[in-house]
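Below you'll find the structure, written out as structure tokens, and then a few comments.
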Amino acid sequence: MSDESPKYSIQVLERTNLLMDLLAQSSSSLSLKELAARSELNISTCHRILNDLVISQFVEHLPGGRYQLGLRLLELGNLVKNRLNIQELAYPQMQELHRKTGETINLSIKQGNDIVYIERCWSGQSGVHVVRPIGGRAPLHLTAVGKLFLADLDAVELLDYVHKTGIPASTSKSVNEFERLKNELAAINQQGFSIDNEELEEGVRCLAAAIFNEQGKVVAGLSLSAPAQRIQYAWSQDLRRAAKGISRELGCHL
DNA sequence: CACCGATAATATGGATCAGG
DNA sequence: CCTGATCCATATTATCGGTG
């Protein structure tokens with residue numbers, strides 16, 4: 001998680017956010033004591049904040065005293081989701097790509113220094129599939145879609161990203177030096193698609209093509225992920241074609 | 001319009017209580 | 001005895017009106 005948030009000016013909001021993040025990171029519910037320990041907040045501070053979150057239903061207070069994220073977040077999340085109509089536009093194309101390749105097709109957008117998966121097309125049948133959860137995140141420089149966004153940055157913004165994150169490696173194949181990354185991004189802009197060659201996860205390769213808005217900015221990426229040996233590089237052209245089609249529907253005329 | 005700063009309002013955390 | 005809930009004095013913070 002790499003969220004370089006500007007400084008909070010209201011402390012409780014920062015703390016509230018911290019508690020919600022802790023709840024989000026935990027797979028199970030957490031007790032007051034655990035939350036206080038992990039957040040390093042005083043137990044009574046924790047208790048008060050959580051109490052108010054329970055009143056607003058951002059957090060649920062389970063019998064037994066444990067806390068978990070509440071349904072209110074789903075309500076709000078759905079409002080946001082409805083706004084992201086890029087998914088609707090992209091979905092038919094994603095289905096088509098999936099039908100043709102048999103592999104998982106993802107749609108992702110950029111948020112801070114990460115990409116977030118917002119839509120997915122796959123079928124559980126036959127063999128191993130690479131499936132990332134919707135809402136899941138991954139660093140820009142380690143993913144095919146992320147590199148599309150990086151390739152769209154100017155030199156200053158790219159340097160800024162590199163400094164802020166330190167472009168850490170995730171596997172032995174990760175590109176974690178600035179020069180190599182820069183060269184790769186230049187190549188991406190030339191060829192119109194990007195590759196993640198087992199850089200985020202061993203054994204998994206991805207191909208991706210960018211979706212542009214009416215101003216010609218990259219707003220999302222269409223990607224295909226599969227076990228490394230199954231990837232066919234010809235698919236990158238299919239991705240490109242599909243991404244181009246979606247871009248046109250978004251009003252991009254390039 | 002953004003930025004200060006005094007002050008009212010609030011959050012804090014140690015202490016204490018409750019209950020299992 | 002341990003965890004969670006509540007209380008309360010006070011340190012910290014948010015607010016709002018003024019100023020450049």
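What you see below is based on every heavy atom in this structure, not just the backbone, and it leaves out hydrogens, waters and symmetry mates. These numbers were taken from a predicted model, which means no experiment stands behind them. To find a chain, count down the sequence lines: A is the first, B the second, and so on, and within it residues start at 1.
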| note | Taking five pairs at each terminus, the helix from B:dC1-C:dG20 to B:dG20-C:dC1 shows an axis bend, to 10°, of 30°
Please produce a list of atom pairs where a protein N or O lies less than 3.5 Å from an N or O of nucleotides 2-4 of chain C.
from: C:dT3; atom 1: OP1; to: A:Lys33; atom 2: NZ; distance (Å): 3.1
from: C:dG4; atom 1: OP2; to: A:Lys33; atom 2: N; distance (Å): 3.0

| remark: A:Glu202 meets the salt bridge (charged side-chain N to carboxylate O under 4.0 Å, His left out) criterion, sequence neighbours left out, with none
| said: Could you walk me through whether A:Asn197 and A:Arg205 satisfy the side chain to side chain donor-acceptor pair (under 3.5 Å) test, starting with their C-alpha distance in whole Å, then the side-chain angles of each, then the deciding distance to 0.1 Å, before giving a yes or no? | reply: CA-CA 5 Å; A:Asn197 185 31; A:Arg205 289 195 181 127; 2.4 Å; yes
| note | Residues pairing under side chain to side chain donor-acceptor pair (under 3.5 Å) where one sits in residues 30-44 of chain A, two or more places apart or in two chains, turn out to be A:Ser31-A:Glu34, A:Glu34-A:Arg66, A:Asn42-A:Ser44
| said: Using the salt bridge (charged side-chain N to carboxylate O under 4.0 Å, His left out) criterion, which residues pair with A:Glu201? Sequence neighbours excluded. | reply: A:Arg132
| request: List for me each residue that meets side chain to side chain donor-acceptor pair (under 3.5 Å) alongside A:Glu96, sequence neighbours excluded, and say none if there are none. | output: A:Arg99
| said: According to salt bridge (charged side-chain N to carboxylate O under 4.0 Å, His left out), who are the partners of A:Lys110, at least two apart in sequence or on a separate chain? | reply: none
| Gap between atoms CG and C1', on A:Leu13 and C:dT12 respectively (whole Å) | 15 Å
| note | In whole angstroms, the gap separating P of C:dT6 from CG of A:Asn51 amounts to 7 Å
| said: Distance under 4.0 Å to a non-hydrogen atom of chain A counts as contact; along DNA chain B, which nucleotides mark the start and end? | reply: B:dA11 to B:dG14
| said: Checking one residue: A:Leu200. Which other hydrophobic residues are in its cluster under the side-chain 4.5 Å linking rule? | reply: A:Leu142
| said: Can you list, by chain and residue number, the hydrophobic cluster partners of A:Leu74 when the side-chain cut-off is 4.5 Å? | reply: A:Leu71
| said: Test: ring pair (Phe, Tyr, Trp, His ring centres under 6.0 Å). Region: residues 28-67 of chain A. Which pairs qualify, not counting sequence neighbours? | reply: A:His61-A:Tyr67
| remark: By side chain to side chain donor-acceptor pair (under 3.5 Å), A:Glu184 pairs with (sequence neighbours left out) A:Lys147
